[in-house]
Protein chains: 2
Amino acid sequence: MTEYLARVRQAGCRLTKARRAIIAYLQAHNEPQTAASVHRGLRGMRTDLASVYRTLELLERLGVVNRESDGKTAAYAFADRHHHHIVCRGCHRKACLPCALRLPSPRGFSAVQHQVVLTGVCASCALSA
Amino acid sequence: MTEYLARVRQAGCRLTKARRAIIAYLQAHNEPQTAASVHRGLRGMRTDLASVYRTLELLERLGVVNRESDGKTAAYAFADRHHHHIVCRGCHRKACLPCALRLPSPRGFSAVQHQVVLTGVCASCALSA
DNA sequence: CGACTATTGCGAACCATTTGCAATTATAGT
DNA sequence: ACTATAATTGCAAATGGTTCGCAATAGTCG
């Protein structure tokens with residue numbers, strides 16, 4: 001049982017087939033996945049898209065995954081694979097970046113978590129502009 | 001004519017009443033505003049919500065405003081008022097933070113813009129936990 | 001002022017996400 | 001193992017933010 005499944009269990013939630021499959025799917029993919037792509041990846045089982053959403057929301061609540069949103073569609077990835085992405089405003093392709101955030105610890109706040117959304121114009125889009 | 005209006009003009013776009021009003025509304029409010037709240041703020045005129053969206057999209061394309069999204073609803077604020085927020089996971093109150101992001105310039109990308117979503121636990125929520 | 005074209009308002013479409021509910025299934029206790 | 005019970009699911013329909021097509025309107029330039 002992976003640590004992720006254990007966290008679900010510790011929260012008093014059940015380890016259903018759908019939850020196992022969704023976690024396994026996320027583990028098998030490095031890039032953040034949308035609910036739709038997770039659902040597509042599980043098309044062998046008859047798992048409803050709504051259940052995918054419910055599971056992802058649960059995992060986010062437990063702090064297992066992070067939800068990243070570009071404003072349209074949300075994408076989810078394991079929190080312990082923490083890094084950032086930059087999205088090209090031209091072609092929408094993504095690149096990964098190590099986390100280089102050095103924030104002065106915000107006064108009075110503890111357990112701070114962050115999410116960074118970067119956009120830019122990639123080299124090939126800059127040329128064709 | 002404010003600098004913002006000038007930027008619109010320089011881009012070869014017309015200075016319509018709706019655009020003036022939307023820019024004025026954003027200037028009058030420090031916190032990022034949603035399309036819906038801008039629209040509500042303009043209820044004196046008969047400006048359509050779709051036009052609000054179109055204008056905000058234009059301003060974003062021109063780099064005049066930033067679009068910030070918490071995953072559900074997008075909010076817009078002038079790019080030159082750039083700063084960040086931290087939200088308490090307990091009481092959901094917000095605090096403002098200066099921007100202290102110092103990213104190594106991502107290889108090959110230009111015109112990089114960023115958005116940071118921070119959450120934490122504020123002092124009073126930490127006590128009551 | 002008049003012509004030309006960008007922009008608007010309106011309505012409807014779109015799409016991601018959420019919700020209500022009856023049927024199913026994981027789990028704890030026996 | 002078996003059962004009781006409550007959590008979870010699938011389905012279908014609703015929701016809500018955002019976008020689009022198009023005819024009417026209104027900036028802007030000469």
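All heavy atoms count here, side chains included; hydrogens, waters and symmetry mates do not. Here is how names work: the chains are called A, B, and so on, in the same order as the sequence lines, proteins then strands, and each is numbered from 1.
- Taking only side-chain atoms of A/T55, from C-beta outward, the nucleotide of C/dT8, D/dT9, C/dT18 with the closest atom is D/dT9.
- Look at CG on B/L62: it is 14 Å from C1' on C/dA6, rounded to the nearest Å.
- Under the side-chain contact (heavy atoms from CB on, under 4.5 Å) criterion, B/D48 pairs with B/A50, B/S51, sequence neighbours left out.
- Side-chain contact between A/E60 and A/N66 is absent, with no heavy-atom pair separated by less than 4.5 Å.
- The two residues B/L56 and B/I22 come nearest to each other via the heavy atoms CD2-CG2, 4.2 Å.
- Side-chain atoms of B/F78 and B/V64, non-hydrogen and from C-beta on, do get closer than 4.5 Å to each other.
- Across B/L62 and B/A11, no two heavy atoms sit closer than the pair CD2-CB, 3.6 Å.
- Between the CE atom of A/M45 and the P atom of C/dT24 there is a distance of 16 Å, rounded to whole Å.
- Taking each heavy atom of B/A74 and B/R67 in turn, the nearest pair found is CB-NE, 3.7 Å.
- In this structure, CG of A/L58 is placed 17 Å from P of C/dT17, rounded to the nearest angstrom.
- In this structure, A/H39 atom NE2 and C/dT17 atom P are separated by 13 Å, rounded to whole Å.
- Over its full length, the helix from C/dC1-D/dG30 to C/dT30-D/dA1 turns its helical axis through 50°, comparing axes from the five pairs at each end and rounding to 10°.
- Counting all heavy atoms, side chain and backbone alike, B/T55 lies closest to B/R19 at OG1-CG, 3.7 Å.
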Please list, one pair per line, the donor and acceptor atoms closer than 3.5 Å that link side chains of residues 25-45 of chain A to other protein atoms, with sequence neighbours excluded.
| residue | atom | partner | partner atom | Å |
| --- | --- | --- | --- | --- |
| A/Y25 | OH | A/Q33 | OE1 | 3.2 |
| A/Y25 | OH | A/S37 | O | 3.4 |
| A/H29 | ND1 | A/Y25 | O | 2.8 |
| A/N30 | OD1 | A/R81 | NH1 | 3.4 |
| A/E31 | OE1 | A/H85 | NE2 | 3.3 |
| A/Q33 | OE1 | A/S37 | OG | 3.1 |
| A/Q33 | NE2 | A/E31 | O | 3.0 |
| A/T34 | OG1 | A/S37 | N | 3.0 |
| A/T34 | OG1 | A/S37 | OG | 3.1 |
| A/S37 | OG | A/T34 | N | 3.0 |
| A/S37 | OG | A/T34 | O | 2.9 |
| A/H39 | NE2 | A/T47 | O | 2.9 |
| A/R43 | NH1 | A/R40 | O | 2.5 |

For nucleotides 24-30 of chain D, give me one character per nucleotide, 5' to 3': B if any protein heavy atom sits under 4.0 Å from the base, S if the only such contacts are to the sugar-phosphate, - if neither. --BBSS-
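- Atom CD of B/E57 and atom P of D/dG17 are 18 Å apart (whole Å).
- Note that the CG atom of B/L58 and the CZ atom of B/R7 stand 11.0 Å from one another [nearest 0.5 Å].
- The closest side-chain heavy-atom distance from B/D80 to B/Y4 is below 4.5 Å.
- Side-chain nitrogen and oxygen atoms of A/Y53 include at least one within less than 4.0 Å of the OP1 or OP2 phosphate oxygen of C/dT17.
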Can you name the atoms? Protein N/O to nucleotides 11-15 of chain D N/O, anything below 3.5 Å, with the distance.
none

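- Between the CG atom of B/L49 and the P atom of C/dC10 there is a distance of 12 Å, rounded to whole Å.
- Residues that satisfy the side-chain contact (heavy atoms from CB on, under 4.5 Å) test with B/A24, not counting sequence neighbours, are absent from this structure.
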